[in-house]
Amino acid sequence: MTQVVTRTLSRGARGSQSFGWWGMVLLVMTESAFFASLLFGYFLLRSMHPDWPPEIPSLHIAGPNTVLLLTSSLTFWLGERSIRAGHAGRLELWLAATLLLGATFLTLQGVEYSHQSFTPATHAYGSMFFTVTGFHGAHVFIGLLMNGFVLARALAGHFSADEHEPVRIAGLYWHFVDAVWIAVFSSLYLFPRLF
Amino acid sequence: MVVVRGSKGATRLVGATAVCLLAGCRRAPSTFQPLGDPAAGIARLGWPATVTMAAIVLVVTALLLWGAFRSGPRDMERAESERRGVRWVVVGGALVPGLILACLFGTMLATLHAISEPDGPPAATIRVTGHQWWWEVEYVGADGTPLFQTANELHVPVGRPVRLELRSADVIHSFWLPQIAGKTDLIPGRVNRMWLRADEAGEFRGQCAEFCGVGHAAMLIRVVAEPSDEYRRWAADQSHLPAVDSTGMAAFRESGCAACHRIAGTLAQGKVGPDLSHVGSRATLAAGILPNTPGALAAWLRSPDSLKTGALMPDLSLSEPRIERLVAFLEGLK
Amino acid sequence: MSATAAEAARASRLAAIWETRPGVVGALASVDHKDVGKRYLVTAFVFLVVGGIEALLMRIQLAHGGASTLSPELYDELFTMHGVTMIFLYASPILSGFANYLWPILIGTRDMAFPRMNALSYWIFLFAGIFIYTSMAIGDMPDAGWFAYAPLTGKAFSPGPGLDFYALGLLFLGISTSVGAVNFIVTLFKMRAPGMSLNRMPILVWGTLTASFSIIYALPPLSVALVMLWFDRQFGMHFFDSSAGGSPLLWQHLFWIFGHPWVYIIVLPAMGMVSDIIPTFCRRPLVGYTYVAFATVSTGIIGFGVWVHHMFATGLPQLSLSFFSAASLVIAIPSGISFFAWIATIWYGRPVFKTPFLFMLGFIVLFAIGGVSGVMTGLLPFDWQLTDTYFVVAHLHYVLIGINVFPVVGALYYWLPKITGRMLSERLGRWNFWVMFIGFNVAFFPMHWLGILGMPRRIFTYPAGLGWDASNMVVTAGAFVFAVGILLLSINIAWSLRNGVPAGPNPWDAGTLEWSIPSPPPPYNFEVIPTVDSRHPLWENGPGIAEGESDLTEGPVLDEDGHEVIGTSVLDGAPETIQHMPGDSLWPLYLTLSLTLLFYSLVSAHWPLAVSGAGLALVCLVGWHWPGRDPGEEG
C-alpha cells in the first residue's frame, strides 16, 4: 500500500483538495455570520421602532453601485475562466477590470456617505446604516487588495491552466463580498420600500 | 494597588445597623420560605424540581461508584457488553431523562399559567423607576393618575395583589423580593410589568439583582405588608402634603438640596434624587442601608460617599449646625 | 525493535527536515505544532493562576459580612477580570493547547493544516492577553462584569478606558480563536491518517470539531457587539442607547448568541478527552461511540438555540421565553447520552484507578451536579428566583470547573508524559485529586443554597446576621483548599520534569496513535505515516480488543522534499494528495506585532498610528502569502 500511495498521489492540490480553499470557505462562513449578526441587529432595532427608518435611503447611487459590484463578479469569473484555459494575459485584463469596478463602487459609496443627511452619531439608525455599509465597504477594500495581490502574481507569471489556486480562492472571497452586498442592499434599501 | 475607600468605622456602622434593622425582618429571605405570590407558586415548582434533581445526582453517583468498584465478573464478550451498554445509554441517557424533563416542563407550564395573573383586581399600581442606586416609587391610580411619590420603601396591603410597572432612568436594575416574587429587570427604554401579593404582615427585604455599578450592593428594597386599614392610613398620609417647618425649608433650599430632591407642596421639585416628602416616616435611608435615625442621617449628610461608595449625592461640606438643622427638618417630614 | 541503518538514516533525514533551528530566532519563528501547543498550555495555565488569585481576593472580602478589605471599585474590577481571564484567557486556550499538541499525533500526521496560522493564533493570544491586562497596569480595569451589559458599559456610566481595553482586547483575541478554529477544521477534515474515516476518529476530535464549527458561527455576534460597544463609546453612536433608537437588549441578544455556544466550546473538547481517557483506564473501547459522537454534535447545534435563557428576567414575551426554556431542557438529553456511555464503559470495563481516571470519576460527579442545577435554572419561573444569584454562580462553576478544569487536569496527568517524556507522581496525583475535589465542593456547593437564601451575585459585601455568614466563610475556606490543589498540581508537574519516571511511548497501554511514537515525539512525529483500520490501532494485536489491520510500520515516509503531509478525504480518510507545508517563519510574529500596534493605537485613539499598524499588518500578509522563503525559515 505504501508504494502505491506515494507513486499515485500527486503533489500539491486543487479544488476541494486544497487546504487554502477550505480555509477560505471557513473564512467566508464566519464572515457571513458577522454580517448576519449585523443585520440581526438592524432588524431587531427595527422591530422595536415601527417608524424606522427615519428616512429611507435613496437608490440614486446605491442602485447603479449594485450593478457595478455584480458586474465585477462577472469580470472576475471571466478572468478565472481565462486562466483555466491557460490565457494568463486575459486573466490580467479581467482582474484589472474587476479592480476598477470595485474601486468605483467604493468611491461612489463615499459620495453617497457625504450626501447623507444623518451621521452615525445622529441616532441608532444612523449608527446601523453606516456600520453595516461601512463594514461591507471594508470587505470590498480587502477584496481589492486581495485581487491586486493576485494580479501582481499573475503579472509575475505564477499562474497557468493547472496552477492557479490563489485565483480561485480570491474569487471565492470576491463573490462572497458581492453576495453580502445583495443582503445588505435588500435589507437597508429594498425592504423598507416593500414593508 | 488595593484601594480601600470609606472608613472601616463607617462600614461597621452600616453592618451593625443592618443587623439591628433586620432583626425585625425574617432572617435570610429564602426562596423556599415564600410569604406571598408568585413566590409560593414558583416554590411549588421549585421544591419538587430540586428534590428530583438531587435524587438524580444521588442515583447516577451511586451507579458510577457501583460500576467502578463492583467486584463481579467483568469479562463479558465485547459485542454483548456493547449491546447492553448501549441499552443503558438509550434508556438511562435519553428516555428516562426525556420523561423527567417532559414532566418538569409540563409542571412548569402549569405554574406559569397559575402565576401569570393575580387572582383579583390590584389594590394599587406602583411605578418603580430604578436609579443608580435607589428606587423611585410612585403610586398611581387605576387610570394612571399620580397619587403620591416616595422612595426605596413600598407599603402593600396584606392579601391583596399590587401591580408594579418597572422602568429605569439609567442602567439595567432588577427588582427582587425573594419571598414574594421572582425578579424582573428594569431596563431603560422599556416598561416591564409584574404583580405581587404578600400573604403575611411584616417587612420584606429585597435587593437590586442586576449589577448596576459601584453601588449595586447598597441598593436594597424594603416592602412593608400591613392590614388593609393600616395600609389605607399610610397611603392617605403619603398623599397629604407634609407639614413643613419654614426655617428648616429655608436651610434645605440654601444648602442646594432642592436642586435634586422634591418635597411635595413646596418649591423643592428636584428630580435627580429620592423624593423626601415623607422621609421622616421611613424606616431606612439610602436605599435600605442605614436606619432612619438622626445620627445616621447626620452621618449621611456629612459624607454620603463614605457610607455608600459612589453615591451620586455630592459632599456638600455642610457645617455641623446646618446639618443639625436639616436633620431636625427632615425627620419632621412625616 | 532494531533500528536498521536504513531506518536510522530515514529518521535523521526527517529530523533534519522538520527540526526547528536552535536559538532565539528559531524559537520565535517555530511553527511546530508541538511548540505552539506547549506555549498555549503554559500561558493558559498562567492565566488560570492569575484568575484564581483574583477569586481568592474576592473570597477574602466575602468571608465576613460587612468587610472592607476590598473597596467596591476594586471588587467590581476583580469579578470582571476573573470572568474574562478564566473564560477567555484560560478555558479556551488550554483546550487549544491540547488540541495543537495532540491532534496531529492523534490523527497520524506531522503538522496542522496551516502551520504559520497556528503560530499566529498563539502569538495573538499572548499579546491580546497582555493587552487586556494593560488595563491593570494603568489602574482602570473593566468593571462591568464579563458580560458587560449596556448601558452601564457606555461612556456616560463607565468613562475610563477599562471597557475600551475590554472591547478591543476581546476583538483582538477573537482573531486568534477564529483562525485557530479554521485550522482545526481543515486539519481534522483533510489530514487524518489514511484509513481514519470519520467514525474512527477519537471522540476528542469530534469534540474539537464541533467546538470549532461553533466558534465559526458564535464568535461573529460577539465581535459585532464589541464593535458596537466601542463605536458607542468612541464615536458617540447609539446602538444601545434607548433614547436614540437603540436598545440594551441588542447587546444582550448578540452577547448571549455568542455566550451560550461559547460555554459548549469550552467544554465539548474536554468531554471528548473524557471519552477517550476513560476507555484507556477501563481497558475497553467506549460504549456507544456513535451515540456519543452524535450527542457531541447535537449539543453544539442545540447550543445555538438556547441563548435567551440568560435573559429570562428581561420581560420578553412569555411565549418565546417558554420556547427557549424547552430548548434548554432538551439540551440535557445529549449530555445524558454521553453520561451513560461513560458509566456503561466503566461498568463493562476493568477500571484501573490511576490519577487520570480519578479526575474522570470526579468530573462525572461534578457534571451531574452542574447539569441538574442547569435544568433547574432552565425552568422559566424558577429561574426568576435563581438567576443573578449565587445559585447561578454555583451552577456555572460546577459546569466550568467540573467539565473543563477537572478533565484538563486529568488530561495533564495523562498526556504530559507524552509531551515531556516523564510520568508525574502517582502519589502526589492522588493527593492532588482529593484536595481539589474536596476543596471544590466545599467552596461551591454552599453557593446553591446561598442563592436560594436570597444572596444576589456581584455584591462586594452583604450585611452580617442575615444567615449568609457561615456559608460564606465555608466557601472561602473551600476556595483556599482548592487553590492548594492547584499548587499541588504545579508542584507535581515541576517535580516530574526532572524526577519523573521515563514514560516510554505507551505508559498507559492505550490504544490510539499518539502512543505509538516516542515520548517526547521527534519533530516529525511519525517516521512512517500510519494507515489506520480501527478506532484503536494499538489494541489490535495485543489485548485483541479492537479488530483491524492498521499498519504502523510500513507507509509513506515523505522524506524527500521538505515539509510534506498526506491530504486525505473528509469522510473516509482516503489519501488524495501530498501537500507541501510551510516551514518556520517570522511572519506570524511580525503580523501579531503589527496588530498589537493597531490595537494599542485604537485604545488610545491615535488614528494615524492605527493606520500605520493596519498598513504594517497588510505588508505582513502580503509577505506571508507571496511564495518563497519566509524570514526565519530554516535550511
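The chains referred to below are lettered A, B, ... by the order of the sequence lines, with proteins before strands, and numbering in each begins at 1.
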Inset, instruction - Please look at C:L219 and chain A and tell me whether the side chain, the backbone, both or neither of the residue comes under 4.5 angstrom of a heavy atom of that chain. - result: neither
Legend entry - Proximal component of A:M128, with respect to chain C [non-hydrogen, under 4.5 Å]: both
Legend entry - Contact winner vs chain C - A:D51, A:L44, A:L145, heavy-atom pairs under 4.5 Å: A:L44
Legend entry - Segment of C:F235 engaging chain A (4.5 angstrom heavy-atom cut-off): backbone
Inset, instruction - With a 4.5 Å cut-off on heavy-atom pairs, point out which of C:A225, C:P627, C:S247, C:G567 contacts chain A the most. - result: C:P627
Inset, instruction - Examine whether an atom of C:D232 lies under 4.5 Å from a heavy atom of chain A, and if so say whether it belongs to the side chain, the backbone or both; otherwise answer neither. - result: neither
Inset, instruction - Measure the spacing between CG of C:L250 and CZ of A:F40 and express it to the nearest 0.5 Å. - result: 7.0 Å
Legend entry - Per-residue contact mode, C:F213 against chain A (heavy atom under 4.5 angstrom): side chain
Legend entry - Atom pair CD1/CD of C:I216 and A:E31 - distance to nearest 0.5 Å: 10.0 Å
Inset, instruction - Quick one: closest heavy-atom pair of A:H49 and C:G246, and the distance? - result: NE2-O, 4.1 Å
Legend entry - Interatomic distance, A:T131 atom OG1 to C:M228 atom CE [nearest 0.5 angstrom]: 6.5 Å
Legend entry - Minimum side-chain heavy-atom gap A:F149-C:V622 below 4.5 Å: yes
Legend entry - Under 4.5 Å from any heavy atom of chain C - which part of A:T119: neither
Inset, instruction - With a 4.5 angstrom heavy-atom cut-off, could you sort out which part of A:A36 is near chain C: side chain, backbone, both or neither? - result: neither
Inset, instruction - Please report the C-alpha distance between A:W22 and C:T187 in whole Å, then the side-chain angles of each, then the deciding distance to 0.1 Å, and finally whether the side-chain contact (heavy atoms from CB on, under 4.5 Å) criterion is met. - result: CA-CA 10 Å; A:W22 275 92; C:T187 306; over 6 Å; no
Inset, instruction - Considering only heavy atoms and a distance below 4.5 Å, find which of C:S178, C:S243, C:A113 pairs most often with chain A. - result: C:A113
Inset, instruction - Among the options A:T122, A:V25, A:L27, pick out the one with the most heavy-atom pairs lying under 4.5 Å from chain C. - result: A:T122
Legend entry - Flag side-chain contact, heavy atom, 4.5 Å: A:S37 against C:I257: no
Legend entry - Whether over 12 other heavy atoms sit under 6.0 Å from A:E55 CD: yes
Legend entry - Residues, nucleotides or ligands: over 12 heavy atoms within 6.0 Å of A:R81 CZ: no
Inset, instruction - Using a cut-off of 6.0 Å, state whether more than 12 heavy atoms not belonging to A:R153 lie near its atom CZ. - result: yes
Legend entry - Rounded distance (nearest 0.5 Å) linking atom OG1 of A:T30 with atom OH of C:Y217: 8.5 Å
Inset, instruction - Give a yes or no on whether the backbone of C:G245 and the side-chain of A:H123 come within a donor-acceptor separation of less than 3.5 Å. - result: no
Legend entry - Residue, of C:F231, C:F258, C:W626, that accumulates the most heavy atom pairs under 4.5 Å with chain A: C:W626
Inset, instruction - For residues C:V186 and A:G23, report the shortest heavy-atom separation together with the two atoms involved. - result: CG2-N, 4.0 Å
Inset, instruction - Against chain C, label A:F35 side chain, backbone, both or neither, depending on which of its atoms sit under 4.5 Å from a heavy atom there. - result: neither
Legend entry - CD1-CG distance between A:I142 and C:L618, expressed to the nearest 0.5 angstrom: 7.5 Å
Legend entry - Part of C:F114 within contact of chain A (heavy atom distance under 4.5 Å): side chain
Inset, instruction - Flag yes if more than 12 heavy atoms outside A:W94 fall under 6.0 Å of its CH2 atom; otherwise flag no. - result: no
Legend entry - Contact leader toward chain A among C:L222, C:I215, C:I185, C:N183, where contacts are heavy-atom pairs under 4.5 Å: C:I185
Inset, instruction - Provide the closest heavy-atom pair for A:F34 versus C:S223 in the form atom of the first, atom of the second, distance. - result: CE1-CB, 4.0 Å
Legend entry - Engaged part of A:F130 at the chain C interface, taking heavy atoms whose separation is under 4.5 Å: neither
Inset, instruction - Answer yes or no: is there a side-chain heavy-atom contact under 4.5 Å between C:M112 and A:F19? - result: no
Inset, instruction - Name the region of C:M117, side chain, backbone, both or neither, that has any atom closer than 4.5 Å to a heavy atom of chain A. - result: neither
Inset, instruction - First locate atom CG of A:L45, then atom CZ of C:F240, and finally report the distance between them rounded to the nearest 0.5 Å. - result: 9.0 Å
Legend entry - Proximal component of C:V227, with respect to chain A [non-hydrogen, under 4.5 Å]: side chain
Inset, instruction - Identify the two heavy atoms, one from A:S127 and one from C:H238, that lie closest to each other, and give their separation to 0.1 Å. - result: OG-N, 3.0 Å
